[in-house]
Protein chains: 2
Amino acid sequence: MDIRQRFARNLRAAREAKALSQEALAYEAGLDRTYISSLERGRYYASLKAIEKIAKVLELDPADLLRKDDEGSRKQ
Amino acid sequence: MDIRQRFARNLRAAREAKALSQEALAYEAGLDRTYISSLERGRYYASLKAIEKIAKVLELDPADLLRKDDEGSRKQ
DNA sequence: TTGTGACTTGGAGTCCGTT
DNA sequence: CAACGGACTCCAAGTCACA
């Protein structure tokens, strides 16, 4: 699976878990509304800069956004 | 700590653990030697595209390259 | 074997909108 | 609230010569 897709799914899941809209997340992360939308659709390879900002808002470690779905349950 | 630095250190450590030169890693990942050098110096925020290629060669999960030093030992 | 400055180009990321 | 498009800007991507 493409890492963009993995990231996209993790991002969407984490955002919805926080009950944030794309717009609210974008605003708090200092990114663009349409960019978050694009990321969740797997359009771009995000840079660490964007990943770091997003992870901060979602209160996650950046690595969590790259993790496979079945890896979260094994951690720690 | 800046995520670029975290990534840079993990990359260098993982590469040296595999006993690969920057040149050898670059070749196998289809990247330029000086680009690997730049990443290991924390010159810029790598994109998922580059991270994915590098992780593949180093036989790691991309998330491992973003992990804090003290997190690796706790995994699994 | 690696670091670095200088360079060009492609894509990350923004901003406007409509559906 | 989200998907999607076009037209931008700017930095990472990628290469080179040289130390």
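Chain letters run A, B, ... following the sequence lines, proteins first and then strands; every chain starts at 1. The analysis underlying the following values was restricted to heavy atoms, covering all of them including side chains, and did not include hydrogens, waters or symmetry mates.
Closest to the side chain of A:R12, out of D:dA3, D:dG14, C:dC16, is D:dA3. Checking C:dT4, C:dC15, D:dA13 against the side-chain heavy atoms of B:A46 singles out D:dA13 as nearest. Here the side chain of A:Y44 is nearest to one of D:dA3, C:dC7, C:dA12, namely C:dA12. For B:R43, the listed nucleotide lying nearest its side chain is C:dC7; candidates were D:dA12, D:dC1, C:dC7. When the nucleotides D:dA2, C:dT2, C:dT14 are ranked by their closest atom to the side chain of A:T34, C:dT14 comes out on top. Which of C:dA12, D:dG14, C:dT1 sits closest to the side chain of B:S21 comes down to C:dT1.
Within the nucleic acid shown, B:I36 has no heavy atom closer than 4.0 Å to any nucleic acid atom. Nucleic acid contact class of A:G30 (heavy atoms, under 4.0 Å, all strands): sugar-phosphate only.
Applying the 4.0 Å criterion to OP1 and OP2 of D:dA2, one finds that A:S37 has every side-chain N and O outside that range. In this model, the phosphate group of D:dA2 is approached by a side-chain N or O of A:R15 to a distance below 4.0 Å at OP1 or OP2. Using a 4.0 Å cut-off, some side-chain N or O of B:Y35 falls inside it from OP1 or OP2 of D:dA13.
Note that CD of B:E52 and CD1 of B:I54 are 11.0 Å apart. Values are rounded to the nearest 0.5 Å. Separation of atoms CD (B:Q22) and OG (B:S38) is listed at 9.0 Å; rounding is to 0.5 Å.
When all heavy atoms are compared, the tightest approach of A:A14 to A:L65 is CB-CD2, 4.5 Å.
Atom CG in A:L11 sits roughly 11 Å away from atom P in D:dA3 (whole-Å rounding). Remark: P of C:dT9 and CG of B:D32 are 17 Å apart, rounded to the nearest angstrom. Distance B:L39 CG to C:dT4 C1': 14 Å, rounded to the nearest Å. The CG-P distance, from B:L48 to C:dA12, rounds to 9 Å in whole Å. Atom OH of B:Y27 and atom C1' of D:dT15 are 17 Å apart (whole Å). One atom, CG of A:L31, and another, P of C:dC15, lie 10 Å apart when rounded to the nearest Å. Rounded to whole Å, the distance from CD on B:E16 to P on C:dT2 is 8 Å. Regarding B:I51, its CD1 atom lies at a distance of 12 Å from the P atom of C:dA12, rounded to whole Å.
Position along DNA chain C of the nearest nucleotide to B:S47 versus B:E23 favours B:E23 as the more 5'-ward residue. Remark on DNA chain C: of its neighbouring residues B:K49 and B:Q22, the 5'-side contact belongs to B:Q22, judged by nearest-heavy-atom nucleotide.
In summary, the side chains of A:R41 and A:S37 do present a donor paired with an acceptor at a separation below 3.5 Å, with no hydrogens or angles considered.
In the hydrophobic clustering of this structure, A:Y27 does not group with A:L39; members are Ile, Leu, Val, Met, Phe, Trp, Tyr whose side-chain heavy atoms approach within less than 4.5 Å, directly or through other members.
A donor-acceptor contact under 3.5 Å links the side chain of A:R33 to the base of C:dG17.
Side chains of B:L20 and B:E28 form a contact here, defined as non-hydrogen atoms less than 4.5 Å apart.
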